[in-house]
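Written below as structure tokens is the structure these notes are about.
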Amino acid sequence: MKYFEQMDHSLVFRQDGETVMVTPWGKDSLRVRACILGEISEDMEALLEPEKTEASIELGEDHASIENGKIRAEFVVQPWGQALQMTFKNQKGEILLQEIPNGGALQKKARHFKPLSGGGFSLKASFVSDPEEKIYGMGQYQQENMNLKGCNLELAHRNSQASVPFYVSSLGYGFLWNNAAVGEVHFGSNTTEWEACVTRQLDYWITAGDTPAQIMEAYGEATGKAPVMPEYGLGFWQCKLRYYNQEQVLEIAREYKEREIPVDVLVIDYYHWPRCGDWRFDEEYFPDPGAMVKELREMGIETMVSIWPQVDWRSENYEEMKQQGLLVKINSGIDVQMNFHGNNVFMDATNPRTRRYVWEKCKKNYADLGIRTFWLDEAEPEFTTYDFENYRYYAGPVAEKGNIYPREYARLFYEGQKESGQEEIVNLIRCAWAGSQRYGALVWSGDIMSTYEDFRKQICAGIHMGLSGIPWWTTDIGGFHGGVTEDPDFRELLVRWFQFGAFCPVMRIHGCRQPVEQIINQAGEVREGTGADNEIWSFGDEAYPILVKFIRLREAMRDYTRSLMNEAHEKGAPVMRALFYEFPEDPLCWDIKDSYMYGPDVLVAPVCYEKARSRKVYLPAGASWTLASTGAVYEGGQELEVEAPLDTLPVFLRDGKQSWMIGKI
């Protein structure tokens, strides 16, 4: 019986209606697809077309193999039920990942397709779990877990949750679940199980590498790398909820200029428009936005404006977009997808006609005024109830295709800006999926709370996002919800968060500071309010010089930060790196969740507990470390208790590099 055949460069298995295809897909990498009673789809989902690689294929009667550089897949037809089991090994013959066996009489299925009455399948793919394996990446989840082994994760987006289904394994491989369906993954101690609610085929990509850096570079080649970061992405960004009129924006910019404090970007938040879906300035509050942008540019400040994908029923564009089929559809009932200042539906970013329509509005009303960077909010999108099965995109049902939305939202603006002649592009966005990085997506961690617990969660989130192929990442410095400008405890939290922010890929302060002032327009309509002051001089005399110091430090780091952004562009490397990324041979580095490397040379240990004035810091083995605040030198492979008064934080410099920082932190 002939189970296996070679088709071009692929190895194919067929049995009882199932087709499995394994294809070399870039250096040291394989793409695995399977379907039931159909043909393998060529849809790319997250992947890009790779350069052709020659693989070695061997065929036997009940076994076969395919080898591509450092990765080898071995196939065995099990005697009970002729079920296929796949095993992936590295060049040393060590097992990286293995499908579960069928268990003989148990008749388990490693690739379990269950037909759905509406078409398609639910799918569960099951792998043997090595309980000693450690797993990192998967996007952004609001938790303080570094090693994701043992975690159950939803494969869906929410406000402050970005599901990017790629991970790096301590065993020396990277794995991409190349499927945009809503689902779950369970990294259990006995099995790893991937589930898709609705899908047409199994599709994943696996690569082998001797170091995390090799794995990330291969993943960057497979899904795309970040473009070149514009110069204005390297400094300090000022923001709050919200600068509600033109004069307020200019007053803040002028104040920074008078104080000689550098600001690269000033952000105009949401509801600067009349209705969601109008995508233009409200003339009552912004009578001459072109002049505003021009004055800011003359001060050396870029203007960023918020964009929401919601379209209010009352928007000037709603009826046309509905008639043209440019909106997300609800499957049944009244079509209200978010209720906020009115009934809203979402523009369908997966529809290329929608992308053209929305960009033309934004080009006319923003880009043509000189605005070069956008804040793409609500990017999950934020369905009020997150009942994903209720909605449908141009690309397909949300249950089947939902996770691509934030990537296509970023694509809308990136491609529009490119077509308009803009060369360097960065757009802030609240969510991401695999491949978002290639569209200039700078992800921020959503509407988090102003607490130390949330602060700690962001450290893990930033590290994981870097290991998910999203090198451009940031947070709302100080948190978004609950911060009271005049509260001494909040002021201390903000100082500690600000210090961390100076060593994030992008440094940006934001938040809905309390108390909020109500805004009522000339027609008597209640508009979105404006929060309390959120500029660096707003938090008292003790905080102010500290915040200035860290802005100036960020400015002094510009050359170093630029080099990190170039490495992200060229190699897909994270800017904010887990310690093990630089020191994979040190086993202790694989478990540290509260410090990280800012590029290869700078170890950052944020102070993230209330009233703390010191903290423990582990220094990786294999290097010497200089404490930037004092110049003291320590050998790696030890843990220190480091003093951290409020005006500083522990930062260590590797092997004497970046020594100019000594005494400046």
Pair R552 + E260, salt bridge at N-O below 4.0 Å:
no
Does R259 count as lying over the ring of Y544, i.e. NZ or CZ under 6.0 Å from the six-ring centre, within 45 degrees of the axis?
yes
How about V575 and V506: do any of their side-chain heavy atoms sit closer than 4.5 Å?
no
Is atom NZ of K571 surrounded by more than 12 heavy atoms (other residues, nucleotides or ligands) closer than 6.0 Å?
no
Would you call T626 and K657 a side-chain contact if the rule is heavy atoms closer than 4.5 Å?
no
Is the terminal nitrogen or CZ of R242 (NZ for Lys, CZ for Arg) located under 6.0 angstrom from the six-membered ring centre of Y271 and within 45° of that ring's axis?
no
Results of ring-ring contact (aromatic ring centres under 6.0 Å, His included) for W590 - residues two or more places apart only:
Y136, F580
Report yes or no: does D591 contribute a side-chain atom to a donor-acceptor pair with the main-chain N or O of N147 at less than 3.5 Å?
no
V185 versus L155: any side-chain heavy-atom pair under 4.5 Å?
yes
Taking I371's backbone N and O only, do any of them form a donor-acceptor pair with T303's side chain (distance below 3.5 Å, no angle check)?
no
For I215, all residues meeting side chain to side chain contact (heavy atoms under 4.5 Å, CB included), sequence neighbours excluded:
F166, V168, T207
Can you give me the closest heavy-atom contact between F503 and L649, atom names plus distance?
CE1-CD2, 4.3 Å
For the backbone of P645 and the side chain of T648, can you confirm whether one donor and one acceptor N or O come within less than 3.5 Å of each other?
no
Salt-bridge present (R613, E643; N to O < 4.0 Å):
no
Looking at K616 and E639, is there a salt bridge between them, counting it only when a charged N and a carboxylate O are closer than 4.0 Å?
no
Atom CD of E193 and atom OG of S129: how far apart are they, to the nearest 0.5 Å?
10.0 Å
Lys/Arg N to Asp/Glu carboxylate O, R430 vs D447, below 4.0 Å
yes
Short side-chain to backbone donor-acceptor contact, E567 and A573, under 3.5 Å
no
Is it the case that the side chain of T530 and the backbone of Y243 share a donor-acceptor pair, with hydrogens and angles ignored and the cut-off at 3.5 Å?
no
Is the distance between the ring centroids of W308 and H341 under 6.0 Å?
no
N/O donor-acceptor pair under 3.5 Å between S468 side chain and G139 backbone:
yes
What distance separates F498 CZ from F550 CZ, expressed to the nearest 0.5 Å?
9.5 Å
R558/E231 ion pair, N-O < 4.0 Å
yes
Between the main-chain N or O of H569 and the side-chain N or O of Q437, is there a donor-acceptor pair closer than 3.5 Å?
no
Check whether more than 12 heavy atoms from other residues, nucleotides or ligands sit under 6.0 Å from atom CD of E641, and answer yes or no.
yes
Would you say E382's side chain and E378's backbone share a donor-acceptor pair under 3.5 angstrom?
no
Closest non-hydrogen atom pair between G478 and L494, with its separation:
CA-CD1, 4.2 Å
Can you confirm whether E302 sits close enough to L296 that some side-chain heavy atom of one is under 4.5 Å from a side-chain heavy atom of the other?
no
Rounded to the nearest 0.5 Å, what's the gap from CD on E251 to CG on N245? Could you check?
7.5 Å
Please find out if less than 6.0 Å separates the ring center of Y560 from that of W660.
no
Is the backbone N or O of A379 less than 3.5 Å from a side-chain atom of H157, with the two atoms forming a donor-acceptor pair by type?
no
Is the closest side-chain heavy-atom distance between Q458 and Q142 below 4.5 Å?
yes
Do the side chains of E492 and R496 get close enough for a salt bridge, i.e. N-O under 4.0 angstrom?
no
Once rounded to the nearest 0.5 Å, what's the spacing between atom CG of L442 and atom CH2 of W444?
9.5 Å
Can any side-chain N or O of N427 pair as donor or acceptor with the backbone N or O of F374 at less than 3.5 Å?
yes
CG-CG distance between L250 and L266, expressed to the nearest 0.5 angstrom
9.0 Å
Rounded distance [0.5 Å steps], CD1 in I135 versus NE2 in H464:
10.5 Å
Hey, are the side chains of F500 and C608 touching, using non-hydrogen atoms and a 4.5 Å cut-off?
no
Y256 side chain reached by M299 side chain, heavy atoms, under 4.5 Å
no
State, with a plain yes or no, whether a side-chain heavy atom of R577 is found less than 4.5 Å away from one of Y596.
no
Test ring pair (Phe, Tyr, Trp, His ring centres under 6.0 Å), reference W497, set F480, Y452, F455, output is F455
Hey, is E453 close enough to K457 for a salt bridge, meaning N to O under 4.0 Å?
yes
In terms of relative ring orientation, are F175 and Y167 parallel, tilted or perpendicular, with 30° and 60° separating the classes?
parallel
